[in-house]
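These numbers come from the heavy atoms of this one structure, side chains and all, not from hydrogens, waters or symmetry mates. In what follows, chains carry the letters A, B, and so on, assigned in the order in which the sequence lines appear, proteins first and then strands, with residues in each chain numbered from 1.
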Amino acid sequence: MVMASEDEVSLLVIVVDVNPIWWGQQANREPQFTLSKCLDAVMVMGNSHLVMTRNNKLAIIASHCQESHFLYPFKLWKSGDGHGDDNPSTSGDGKYELLSVANDIMAEEIKILMSRTEVKGNQTDTLLAGSLAKALCCILFIKMLTGQEIKSRILVIKAADDCALQYMNFMNVIFAAQKQSILIDACVLDSDSGLLQQACDITGGLYLMIPQKIALAQYLLWVFLPDSDQRSQLVLPPPVHVDYRAACFCHRNLIEIGYVCSVCLSIFCNFSPICTTCETAFKIPLPQMVKAKKKKLKPST
Amino acid sequence: MAALSEEVLLVVKRVRQRKQDGTLYLMAERIAWGPEGKDRFTVSHLYADIRQKISPDGKAKIQLQLVLHTGESTNFHFSNESTALRDRDAAKDLLQQLLPKFKKRANKELEEKNRMLQEDPVLFQLYKDLVVSQVISAEEFWANRLSLNNVDHSASNNKQEVGISAAFLADIRPQTDGCNGLRYNLTSDIIESIFRTYPAVKQKYAENVPHNLTEKEFWTRFFQSHYFHRDRISTGLQDIFSECAKQDEKGLRSMVVQGVKNPLVDLLSLEDKTLDEGYGSNSMAPSTSSANKTVKENSNSAIIKRFNHHSAMVLAAGAGKKACLTMKCAGPNWGCASETSSTDGNSRDSDFFQPPVKKVKIQEAIEYEDLHMENGKKTVALNLKKSDRYSHGPVPLLPQQYTTSQDIINSVNCIQQEIANYKPCLTQVMSSSTASSAIAALSPGGLLMQAGSQQAINQMVPSDVQGELKHLYTAAGELLRHFWSCFPVNTPFLEEKVVKMKSNLERFQMTKLRPFQEKIQRQYLSTNLTGHLEDMFQMAYNKFHAWQTRQMLRKT
């Protein structure tokens, strides 16, 4: 199988954070930029990617606080090809069929997803780590389907804050992506996310926090549409400084200088002669103490 | 004054130096002259310092001139009427023997230094910066470096021993002389080979030359003797070499008795034997006893014996310190060599009596270390009490926002309503003004591109400035290393050195650092390239001041 560069498949997986709580609050904060606008921008991005080359593939995952759901493609895979659709692909404006089908599917799926949202007080965080894991699986699936090496990247559009509980899963996903040479790009709408900064730094992707949410589409097209080969030719925002400090095991604070147990490699911010994780005792040479001479007690006569 | 332990090699009286009478003394390591009647030496030179000696012949005055490396020269005038010439020649000869020994040592150091400077351009640059510009003395510079290299060098100085060609005797091909004689061409190499291979001959040589025979006569006799020739049968002639023949026999017999320590390497036995003598038959008795053999067999066995012995001696001389004897057997029954050791003629190979080297060799051949079973080493298990600590990340720096349950309900409802009526409107995603402001932010110099312009410092500074900065760092590092190695100051030597190093540092700062700073200022480079160097120097000065004040307090 000869791989010419024209036949190279490039897969873009967009993970959109659709946390209903955050977006609901956002609707009150900034009515001109709501989830609908965001989804429009994502659609524009997806369409643009598909029209760049015939071989480009697209997948979109909605990251909810209760599940991760594929917005696109969905039915295509189940039926094997695109002909078994219920709604015929006539959008009326002469659009490229693939794009109109894609947009319709996406709109439908997000409606289905949101309608089955349940209100639960203990689940307010976006399941971002899970969505990224699904994205990785999707990439692997496409690789097996096409049977050739494909270039793939994940674009994360993040709205809500980081969840500290997902730390380990997140890191595992990042390292898995790095091993598979999958780039993770991040477009952050609200506040900086340390986890995504690390993800972008480790996998070689781009991290951007955008100042104007309403110009989301422009940022996406300018910065995140070119793939990694083309990015080297463009002048793009420079990488940010990533905080790689470790957290101490006792307080979970980020520290720059600490103590490490040589047996179990756990990190502490203060010195203690016994490691609390593996219970190893450390012998430290103390300064020599002068032994006080004991006076012999004279036996009383 | 002369040290008591110095060995005086030659004393020459009545030697004048600078029109003064005195005595010349040649010692083991130096040459010295003291005026008549006085105890001290006025002139004393180490042999290492002497570059050459000049002894002009044919002049009225019989003199000896010594030229030193530094250029100055000293003249000794031998004024004893009768023995002047002989004295001078004696002194000259002795010097001729001694000077080369010392010359090599001095030269070797210089050569070593030169070599190091040539091989390492960084070192060379450092040398130029520090020593040539007089910031530091050459001795200090070489103090740490030479000691390291001398160790390596001396190891490689051991001369390799030259081996002996097995054909050296055959190479002495005699040439016919025209008349009925033969010419043998002997070079010193061949002579050395003969001496090393046949120590008996060396002994004879030492005994007879030059007392009884000249060298030429000795070698003539050697070649004439039957010792040298093929058939050593007639031993009737009284020859100085007949004893050698007997010694050889004894040597060969002892070799056979010793046996071969490692039968797996090359050769198994020294004897030639036939297969039909039976495997493992004890033919230990050396076949040198010519009682049962015919004359023909005798001469054959004699030649073969000679050949074996010759090869053994060559190998023994070349092997030097090794105790292993390996032999080449030229017997007609070569096949015996390929048999296993169980058919070894020296059949001492009951299982209890294998030579240890052989066992080791067999062991090596049949086992591979990495295929051994893993010997479970005693390990201590890792005992983690709180392993869940590894699975949590850091606490987020910013506090999480707290949402009330009412908020949650409201938000969810709001969103559900919105999305239920969602219709993608891709023609009105954003206005052109927002798009252009976003583009402006992303263009070079825009809001999001600020960090990029600060990074390329190595592109803003010209490469020659960078190179000079590197040299400055290397030189400063060297000086600072000398300075900091003086602490803690325990000895008076270190005290002196610390003071000297501080002045060196100041001098370096004046002569090298300031001009560099001025230069980069003139080039309008706003970056602070020398801040770190200044910090390092300042820290050194602070330490010096602290030490000085402590010293003064201690004294008062």
Side-chain angles (χ1 to χ4, degrees), chain A residues 20-25 27-28 34-37 39-41 43-44 47 103 106-107 110-111 114-115 117 119 121 124 161-162 164 167-168 170-171 191 194 208 210-212 214-219 222-223 235-238 240 245-247 249 251-254 263-264 266 276-279, chain B residues 380 382-398 400-401 403-405 407-439 441-444 446-455:
Chain A
I21 298 152
W22 191 89
W23 282 107
Q25 290 173 333
N28 295 331
T34 59
L35 183 56
S36 319
K37 284 277 180 204
L39 288 171
D40 282 349
M43 266 189 222
V44 167
N47 290 349
N103 295 346
M106 274 195 268
I110 189 73
K111 283 181 188 161
M114 282 307 180
S115 61
T117 306
V119 180
T124 56
D161 290 332
D162 274 345
Y167 179 76
M168 287 311 282
F170 218 99
M171 296 311 283
S191 50
L208 185 66
I210 57 177
Q212 282 177 299
I214 44 177
L216 174 64
Q218 182 60 52
Y219 288 109
W222 186 277
V223 179
V235 177
L236 293 171
V240 291
R245 285 180 295 169
F249 278 38
H251 312 105
R252 292 279 132 206
N253 296 330
L254 294 173
V263 174
C264 61
S266 44
T276 41
T277 317
C278 62
E279 299 191 346
Chain B
V380 180
L382 184 62
N383 177 19
L384 294 176
K385 294 284 181 218
K386 300 184 188 171
S387 56
D388 57 323
R389 278 176 169 185
Y390 294 96
S391 14
H392 294 306
V395 168
L397 290 169
L398 305 168
Q400 299 275 38
Q401 281 179 336
T403 41
T404 63
S405 40
D407 281 340
I408 295 173
I409 299 171
N410 290 347
S411 314
V412 171
N413 287 340
C414 181
I415 277 293
Q416 279 178 328
Q417 267 185 330
E418 184 193 324
I419 293 297
N421 305 327
Y422 169 57
K423 229 192 164 115
C425 181
L426 297 184
T427 52
Q428 288 166 8
V429 173
M430 61 184 165
S431 68
S432 52
S433 52
T434 38
S436 44
S437 66
I439 295 178
L442 285 170
S443 311
L447 198 64
L448 297 168
M449 309 290 276
Q450 289 302 330
S453 59
Q454 287 169 1
Q455 280 175 0

(request) Flag the one option from A:Val240, A:Asn28, A:Val44, A:Ile110 with the top tally of heavy-atom pairs under 4.5 Å to chain B. (result) A:Ile110
(request) Considering non-hydrogen atoms only, spot the tightest contact between B:Cys414 and A:Gly24 and give its length. (result) SG-O, 4.4 Å
(message) Is A:Val223 close to chain B through its backbone or its side chain, or both, or neither, when contacts mean heavy atoms under 4.5 Å?
(response) side chain
(request) Look at B:Ala435, B:Ala420, B:Ser431, B:Ser405 and state which one has the largest set of heavy-atom pairs under 4.5 Å with chain A. (result) B:Ala435
(request) Report the distance from atom OG of B:Ser437 to atom CD1 of A:Ile214, rounding to the nearest 0.5 Å. (result) 7.5 Å
(request) Tell me, out of A:Asn47, A:Leu236, A:Leu208, A:Asn103, who's got the most heavy-atom pairs with chain B below 4.5 Å. (result) A:Leu236
(message) Hydrogens and angles aside, do B:Glu418 and A:Ser36 bring a side-chain donor and acceptor to less than 3.5 Å of each other?
(response) yes
(request) For chain B, find which of A:Leu39, A:Val235, A:Val263 contributes the most heavy-atom pairs closer than 4.5 angstrom. (result) A:Leu39
(message) So for B:Gln417, is it side chain, backbone, both, or neither that comes closer than 4.5 Å to the heavy atoms of chain A?
(response) neither
(request) Side chain from CB out, backbone as N, CA, C, O: work out which of these in B:Pro444 comes under 4.5 Å of a heavy atom of chain A, or both, or neither. (result) side chain
(request) Can you see which heavy atom on A:Gln25 is nearest to which on B:Asp407, and at what distance? (result) NE2-CB, 4.2 Å
(request) Would you please say whether a donor-acceptor pair under 3.5 Å links the side chains of A:Gln218 and B:Thr434? (result) no
(request) List for me each residue that meets side-chain hydrogen bond (donor to acceptor under 3.5 Å, both in side chains) alongside A:Thr277, sequence neighbours excluded, and say none if there are none. (result) A:Ser266, B:Arg389
(message) Any heavy-atom pair between the side chains of A:Met114 and B:Ile415 that's under 4.5 Å?
(response) yes
(message) What part of A:Thr34 gets within 4.5 angstrom of chain B, counting heavy atoms only: side chain, backbone, both, or neither?
(response) both
(message) Between A:Cys278 and B:Leu384, is there a side-chain heavy-atom distance shorter than 4.5 Å?
(response) yes
(message) Counting C-beta onward and ignoring hydrogens, is there a side-chain heavy-atom pair between A:Cys264 and B:Tyr390 closer than 4.5 Å?
(response) yes
(message) Once rounded to the nearest 0.5 Å, what's the spacing between atom CG of B:Leu448 and atom CH2 of A:Trp222?
(response) 11.5 Å
(request) Would you check, one step at a time, whether the test side chain to side chain contact (heavy atoms under 4.5 Å, CB included) holds for B:Val429 with A:Lys37? (result) CA-CA 7 Å; B:Val429 173; A:Lys37 284 277 180 204; 6.0 Å; no
(request) Against chain A, label B:Ala438 side chain, backbone, both or neither, depending on which of its atoms sit under 4.5 Å from a heavy atom there. (result) both
(request) Determine the option with the most heavy-atom pairs under 4.5 angstrom with chain B, choosing from A:Lys111, A:Met171, A:Gln212. (result) A:Lys111
(message) Could you go through A:Thr276 and B:Lys385, starting from their C-alpha distance and side-chain angles, then the distance that decides it, and tell me whether this counts as side chain to side chain contact (heavy atoms under 4.5 Å, CB included)?
(response) CA-CA 8 Å; A:Thr276 41; B:Lys385 294 284 181 218; over 6 Å; no
(request) Below 4.5 Å from any heavy atom of chain B, which atoms of A:Ala27 appear? Answer side chain, backbone, both or neither. (result) side chain
(request) Only counting residues at least two apart or in another chain, list the ones meeting side-chain hydrogen bond (donor to acceptor under 3.5 Å, both in side chains) with B:Tyr422. (result) A:Asp40
(message) Restricting to non-hydrogen atoms, name the atom on B:Met430 and the atom on A:Ala215 that form the minimum distance, rounded to 0.1 Å.
(response) SD-CA, 3.9 Å
(message) Heavy-atom pairs under 4.5 Å with chain A: which of B:Ile409, B:Asn421, B:Asn413, B:Leu382 has the most?
(response) B:Leu382
